[in-house]
S.K.: 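Input: one structure, supplied below.
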Amino acid sequence: MRTHRWIIGFACSAFVLAGCAAALPERGAAPVRVVRVKVVADPALRRADAGWRHTARELLRAASDYYEEHFGVRLVLEAAEAWPDQGTTTSSVVLMRRLKRAYPRAGGDLPYDVVIGLTQQPLDFYRGGRARADRFGDCTEGLGNYIVSHVGEDFTYDNGELNHDAAAIIHEMGHLFGAVHTDDPDSIMHAAFDLRSGFDEPNRAIVMGNRLCPFAKPGRSGTEPVAGRNSKGE
């Protein structure tokens with residue numbers, strides 16, 4: 001009788017565990033996608049923030065936690081270094097061109113897929129905005145490789161709390177995976193910049209569909225996302 005009860009108990013436990021496994025979200029069962037990232041800081045940020053390497057690491061850690069939780073994508077910092085850019089500009093469009101010239105091989109043989117250029121230059125919302133991705137990624141031509149983003153303050157990632165700078169990088173990383181601007185007021189992909197943390201379902205489906213696509217190879221010029229009427233260039 002004891003053996004019989006043990007068998008019944010074991011069978012019930014196995015049934016419950018199988019039910020729990022079946023209830024897991026799809027992203028939990030899928031392999032984690034690792035994205036190798038180089039973060040570079042321009043002279044304006046390095047002058048303003050002596051601890052810019054810490055800020056860069058913490059911003060990427062916040063973005064990585066977000067993408068791993070929502071999409072099974074982990075952002076791994078391969079290097080944080082000085083960006084040898086000496087010119088001043090108020091346009092993220094100009095900064096993007098300079099970034100791609102300085103680091104032309106993202107997505108190639110070098111050990112990084114994405115380059116994020118951080119600046120504290122006072123970018124003009126009407127001349128390219130506070131953040132920019134180089135292109136909307138897709139599986140046919142490859143995912144995007146470059147982000148330029150303004151850093152407004154020192155940042156330490158505590159208790160899962162985002163600031164505007166971390167949200168901007170999450171937003172632009174969405175573009176690299178193909179996400180587009182939305183009118184959904186609660187989505188982090190909304191065109192106007194406010195501090196949001198949600199992700200609208202259409203863009204969630206796009207990112208999930210592209211999460212395992214290859215990154216674009218060096219030399220792919222791509223099309224930079226065009227700012228919408230209310231986008232402030234983000």
Side-chain angles (χ1 to χ4, degrees), residues 37-60 62-63 75 79-106 112 114-137 144-155 162-177 179-183 185 187-196 216 220-234:
V37 180
K38 177 193 284 287
V39 178
V40 298
D42 76 348
L45 178 58
R46 300 200 306 273
R47 286 192 299 268
D49 181 5
W52 66 267
R53 291 181 188 274
H54 170 80
T55 297
R57 285 194 300 268
E58 294 296 279
L59 288 171
L60 191 68
L75 310 178
E81 64 184 43
W83 175 8
D85 182 88
Q86 300 301 321
T88 59
T89 181
T90 59
S91 171
S92 65
V93 177
V94 172
L95 280 176
M96 176 62 71
R97 291 172 184 156
R98 293 175 180 173
L99 182 67
K100 294 172 81 169
R101 284 198 300 266
Y103 302 93
R105 295 188 58 78
Y112 49 84
V114 173
V115 179
I116 301 177
L118 301 179
T119 183
Q120 204 167 82
Q121 297 191 58
L123 301 181
D124 184 345
F125 285 147
Y126 298 101
R127 298 190 59 214
R130 73 182 306 280
R132 173 168 294 269
D134 68 318
R135 58 189 301 272
F136 299 108
N145 304 108
Y146 298 91
I147 291 172
V148 166
S149 194
H150 181 268
V151 175
E153 60 185 1
D154 300 349
F155 177 63
L162 303 178
N163 70 348
H164 282 83
D165 299 332
I169 291 176
I170 292 169
H171 176 111
E172 299 305 328
M173 187 66 65
H175 287 321
L176 298 193
F177 280 93
V180 298
H181 286 160
T182 177
D183 292 330
S187 175
I188 202 167
M189 295 308 301
H190 193 279
F193 183 77
D194 284 309
L195 184 56
R196 301 176 173 89
R220 171 69 175 86
S221 60
T223 301
E224 294 183 359
V226 177
R229 182 175 59 185
N230 299 317
S231 71
K232 299 180 182 178
E234 295 154 45

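Treat the numbers as computed from the prediction; the structure is a model and nothing was measured.
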S.K.: Might you point out which heavy atoms bring L195 and A167 nearest each other, and give the distance in Å?
M.R.: CD1-CB, 3.8 Å

S.K.: So L118 and W52, side chain to side chain contact (heavy atoms under 4.5 Å, CB included) or not? Walk me through it.
M.R.: CA-CA 9 Å; L118 301 179; W52 66 267; over 6 Å; no

S.K.: Quick one, V151 with D49, criterion side chain to side chain contact (heavy atoms under 4.5 Å, CB included). Give me CA distance, side-chain angles, the key distance, then yes/no.
M.R.: CA-CA 10 Å; V151 175; D49 181 5; 5.5 Å; no

S.K.: Please report the closest heavy-atom contact between L176 and A133, naming both atoms and the distance.
M.R.: CD2-CB, 3.8 Å

S.K.: Where the side chain of Y146 meets the backbone of Y103, is there a donor-acceptor pair that is under 3.5 Å apart?
M.R.: yes

S.K.: What distance separates E81 CD from R53 CZ, expressed to the nearest 0.5 Å?
M.R.: 8.0 Å

S.K.: Does the ring centre of H164 sit less than 6.0 Å away from the ring centre of H171?
M.R.: no

S.K.: Minimum heavy-atom separation for I116 to M173, with atom names?
M.R.: CD1-CE, 4.4 Å

S.K.: So, for W83 and A102, which heavy atoms are closest and what is the spacing to 0.1 Å?
M.R.: NE1-CB, 4.0 Å

S.K.: Applying the side-chain contact (heavy atoms from CB on, under 4.5 Å) criterion to M189, which one of D183, T182, I170 satisfies it?
M.R.: T182

S.K.: Can you give me the closest heavy-atom contact between R132 and M96, atom names plus distance?
M.R.: O-CE, 3.4 Å

S.K.: Just so I know, are the side chains of T119 and T89 near enough to count as touching, which here means a heavy-atom distance under 4.5 Å?
M.R.: no

S.K.: Given 3.5 Å as the limit, does a donor-acceptor pair link the side chain of D124 with the main chain of T90, or not?
M.R.: no

S.K.: Can a donor-acceptor pair be found between the side chains of N163 and E153 at a distance below 3.5 Å?
M.R.: yes

S.K.: List the steps and the verdict of side chain to side chain contact (heavy atoms under 4.5 Å, CB included) for Q120 and R46.
M.R.: CA-CA 8 Å; Q120 204 167 82; R46 300 200 306 273; over 6 Å; no

S.K.: Find the distance between CZ (R130) and CG (D165) and round it off to the nearest 0.5 Å.
M.R.: 5.0 Å

S.K.: Working to the nearest 0.5 angstrom, can you tell me the gap between R57 CZ and L59 CG?
M.R.: 11.0 Å

S.K.: How close do D154 and T55 get, heavy atom to heavy atom, and via which atoms?
M.R.: CA-OG1, 3.8 Å

S.K.: Pair R98, D42 - check side chain to side chain contact (heavy atoms under 4.5 Å, CB included), show working.
M.R.: CA-CA 11 Å; R98 293 175 180 173; D42 76 348; over 6 Å; no

S.K.: Nearest 0.5 Å please: distance from the CG atom of L123 over to the CG atom of L95.
M.R.: 6.0 Å

